[in-house]
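Below, all heavy atoms of this structure are taken into account, side chains as well, without hydrogens, waters or symmetry copies. All residue numbers refer to positions in the sequence shown, counting from 1.
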Amino acid sequence: MKQQILKYMKVWNGALLAGGLLLAACTDHYDSWNINPNEVTDEQMDRDNLRTGAYFTQMERGVFVIGENKGGLFEETQMLTGDIFASYCAPIKVWDYAGAEDNDCYKLYRQWYNSPFNTAYTEVMQPWKSIVEYTEETSPARALATVVKVFGMSRITDKYGPIPYSKFGTGIQVAYDTQKDVYYRFFEELDNAIELLTGYNSRTSEPYMKRYDYIYEGKVGKWIKFANTLRLRLAMRISYVDEGKAVEEAKAAIEHPVGLMTSADDNAILKQSASLSFRNEWWEAYKSFNDFRMSATMECYLVGLNDPRLKCYFEAAEKDGEYHGIQNGQISRNQGTLKELASSMNVELSDNVQWMDAAEAYFLLAEAKLRLSLGDKTVQEYYESGVRTSFSSKGAKNADAYLDNDTDTPLQSYSAPTGGSTLNTSSMVSSLTVKWDDNASAREKLERIMVQKWIALFPDGQEAWSEMRRTGYPGIVTIANNKSGGEVASGELISRLKFPTTEYSDNSENTQAAVSLLNGADVAGTRLWWDVRR
């Protein structure tokens, strides 16, 4: 019940909650604020956006979980769901409490499928609700917070399907919305937020809440581009199940006067600074904990395509100086051996955290042009701009030579670094080259776009997993062991996380009702509302 209250009850007394947030989530600000957090008055909280700024910073820290002693939580909310399901990485450790059969072989462990849901409500929805309580409808702070909320919660609905959303904050036990209703609410909220921020941006170039914004430092124009690109992402997500609405929302994003993200300078990145320093949680998972290594799928695509981003994404294996991945779904994992045999992520402790890369906008446009006839450039132009922007963002070179490569294909066989037989992957991964072929079929064109989009989205496996479910591309090396107990069909990609056990205990009636909003039972193989193409 305590967890449920934290998620759903209305906001407590403003000064007490804000002071608590300062103590729990924003301690990096103490020196610059020069305030005793235990003696914060309402007047001080309202000064210089301190109240809303504290909540906004908490939201930014909560989408991709960062913070002291949160490495394990990050693994549960990001890596042991989206990252492994997208086959970006593979675990090389067996967690004693979860057992040898876990999420990586599609046998969902309760703590790991509880964590993303519960964390999102405490770290994103609750501070957003607090900002709403202390701002006017026309406040740019509320608009910015709403954009972050939609970004964060879109990742949650795309894990579970129906979620409590429109009625959040109205009581302790809250009903779920259908995923369609959640998405329609997203579009409405983004439309209102973009309109308000556009008005602000037309009146002044002054940053807004610069002191508390670690993504764009208060640059409202950048936030508008991010919001437009997010709108386009969500529009394309529903394009197979609700094409009319998808076209409407995609056009609104594409035709907006401020536009979409177009270059690496527009990338949404949570930045380290003097007032916000944190451990990069991917570094902690790969380097400090040594819990994960590159996947076999990544090896097939990056090595096979001779992709210059390989060295930007991963490091050569300690054992032989080559790049090796691990097949997902392994039950027997020898962490001490595998950490030396396979490739770790190329990431440092103090690296920033990417939210969204501008390259994604071009791949979205490429698909929108191909399937919906939207945009004013050719599919090829958008596709190639996506690859070039990804190279620029990741610090890779020779994009033009890569785009002209009509010889190399993803590896059609995989050999584990531990030895043994070779796995034929020709029926699993793509066989396409990088070079654009305007005479190819529409299916092949889409596959080529999605292969490059999958590579460019790294390391955000959650978004990659969503796009793989939506389009069926790219193909991945099938997991070694499917232990879902029949919930996920053999050879199929896992479709969702089950509703949290905490919801069944604390919000039972509404959670039971939410099962009827699914396209099947509350199991890992039930497809989400927008997942209709595969």
Side-chain angles (χ1 to χ4, degrees), residues 86-88 236 239-240 294-314 323 325 327-328 357 359-372 377-391 394 396 398-415 422-458 461 463-478 491-493 533-534:
S87 200
Y88 271 1
M236 297 309 297
S239 60
Y240 283 113
M294 180 174 76
S295 72
T297 303
M298 268 291 178
E299 178 185 339
C300 286
Y301 282 101
L302 296 181
V303 174
L305 292 173
N306 196 23
D307 195 312
R309 288 168 291 188
L310 171 62
K311 295 182 180 180
C312 302
Y313 289 177
F314 295 100
Y323 291 87
Q327 184 181 10
N328 289 93
D357 190 318
E360 182 182 344
Y362 290 109
F363 292 120
L364 290 166
L365 287 165
E367 184 187 355
K369 183 68 174 183
L370 175 68
R371 294 183 44 236
L372 306 175
K377 298 185 184 300
T378 67
V379 180
Q380 179 178 352
E381 287 174 315
Y382 285 134
Y383 168 80
E384 292 181 348
S385 292
V387 173
R388 290 192 179 95
T389 304
S390 176
F391 271 53
K394 309 304 184 185
N398 300 318
D400 288 344
Y402 179 75
L403 284 165
D404 198 45
N405 188 337
D406 61 356
T407 304
D408 293 328
T409 66
L411 299 179
Q412 302 297 291
S413 63
Y414 161 76
S415 298
T422 297
L423 179 65
N424 185 341
T425 58
S426 60
S427 63
M428 303 176 186
V429 302
S430 176
S431 61
L432 298 180
T433 62
V434 175
K435 188 172 182 178
W436 186 256
D437 180 2
D438 214 34
N439 295 318
S441 66
R443 182 206 64 79
E444 186 175 302
K445 287 177 179 177
L446 179 61
E447 182 179 1
R448 185 170 268 115
I449 291 167
M450 297 311 297
V451 167
Q452 287 303 316
K453 184 176 184 179
W454 180 84
I455 295 173
L457 285 170
F458 184 82
E463 182 58 25
W465 176 40
S466 294
E467 289 295 79
M468 291 160 67
R469 288 174 286 163
R470 180 179 71 86
T471 66
Y473 300 120
I476 62 173
V477 176
T478 306
E492 290 290 313
L493 183 67
R533 185 175 186 273
R534 290 185 288 149

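Of the inter-residue distances, the one linking Glu384 atom CD with Asp404 atom CG reads 9.0 Å to the nearest 0.5 angstrom. Here the CG atom belonging to Leu364 is positioned 10.0 Å from the CD1 atom belonging to Ile449, to the nearest 0.5 angstrom. Atom OG of Ser239 and atom CG of Leu372 lie 6.0 Å apart (nearest 0.5 Å). A distance of 8.0 Å separates NZ in Lys394 from CZ in Phe458, rounded to the nearest 0.5 Å. In this structure, CZ on Arg388 lies 10.5 Å from OH on Tyr383, to the nearest 0.5 angstrom. A distance of 12.5 Å separates OH of Tyr382 from OG1 of Thr389, quoted to the nearest 0.5 Å.
Annotation: side chain of Val387 is in contact with side chain of Phe363 (closest heavy-atom distance under 4.5 Å). Between Trp436 and Leu403 the shortest side-chain heavy-atom distance does not fall below 4.5 Å. Using a 4.5 Å cut-off on side-chain heavy atoms (C-beta onward), Pro308 and Phe391 make contact. For the pair Glu467 and Met450, the minimum side-chain heavy-atom distance is below 4.5 Å. Between Leu310 and Tyr301, every side-chain heavy-atom pair lies at or beyond the 4.5 Å cut-off.
Using a distance-only test at 3.5 Å, with no hydrogens or angles considered, a donor-acceptor pair links the side chain of Thr425 to the main chain of Gln412. Proximity of a side-chain donor or acceptor of Arg448 to a complementary backbone N or O of Lys435 within less than 3.5 Å is detected. With hydrogens and angles disregarded, a donor-acceptor distance shorter than 3.5 Å links the side chain of Arg470 to the backbone of Met236. The backbone N or O of Met298 lies less than 3.5 Å from a partner atom in the side chain of Ser295, making a donor-acceptor pair. Thr297 places a side-chain N or O within 3.5 Å of a backbone atom of Val477 that can act as its donor or acceptor partner. With Glu360 contributing its side chain and Lys453 its backbone, the two residues share no donor-acceptor pair below 3.5 Å.
Across every non-hydrogen atom of Tyr414 and Gly325, the tightest pair is OH-O, 2.6 Å. Glu299 approaches Leu411 most closely through the heavy-atom pair O-CD1, 3.8 Å. Minimum heavy-atom separation, Tyr313 to Ile455: OH-O, 2.8 Å. Minimum interatomic distance between Asp408 and Leu305 (heavy atoms only, all atoms of both residues): O-CD2, 3.5 Å. Residues Thr471 and Glu367 come closest through the heavy atom pair CG2-OE2, 4.5 Å. Between Thr478 and Gln327, the closest heavy-atom pair is O-NE2, 2.7 Å.
Both tests pass for Arg371 against the ring of Tyr240: distance under 6.0 Å to the centre and angle within 45° of the axis.
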Exercise for review: I would like to know whether Asn328 and Ser87 meet side-chain hydrogen bond (donor to acceptor under 3.5 Å, both in side chains); could you show each step before the answer?
Suggested key: CA-CA 7 Å; Asn328 289 93; Ser87 200; 2.9 Å; yes

Check your understanding: Given Val451 and Tyr473, is the side chain to side chain contact (heavy atoms under 4.5 Å, CB included) satisfied, shown in steps?
Key -> CA-CA 7 Å; Val451 167; Tyr473 300 120; 5.7 Å; no

Review point. For Arg469 and Ser466, what are the C-alpha separation, side-chain angles and deciding distance, and is it a side-chain hydrogen bond (donor to acceptor under 3.5 Å, both in side chains)?
Key: CA-CA 5 Å; Arg469 288 174 286 163; Ser466 294; 3.0 Å; yes

Check your understanding: Given Glu381 and Thr378, is the side-chain hydrogen bond (donor to acceptor under 3.5 Å, both in side chains) satisfied, shown in steps?
Key -> CA-CA 5 Å; Glu381 287 174 315; Thr378 67; 3.3 Å; yes

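At a cut-off of 3.5 Å, with distance as the only test, no side-chain donor of Tyr362 or Gln452 sits close to an acceptor on the other residue.
Of the charged side-chain nitrogens involved, none lies within less than 4.0 Å of a carboxylate oxygen, so that Lys445 and Asp437 do not count as a salt-bridged pair.
The ring of Trp454 has its center closer than 6.0 angstrom to the ring center of Tyr88.
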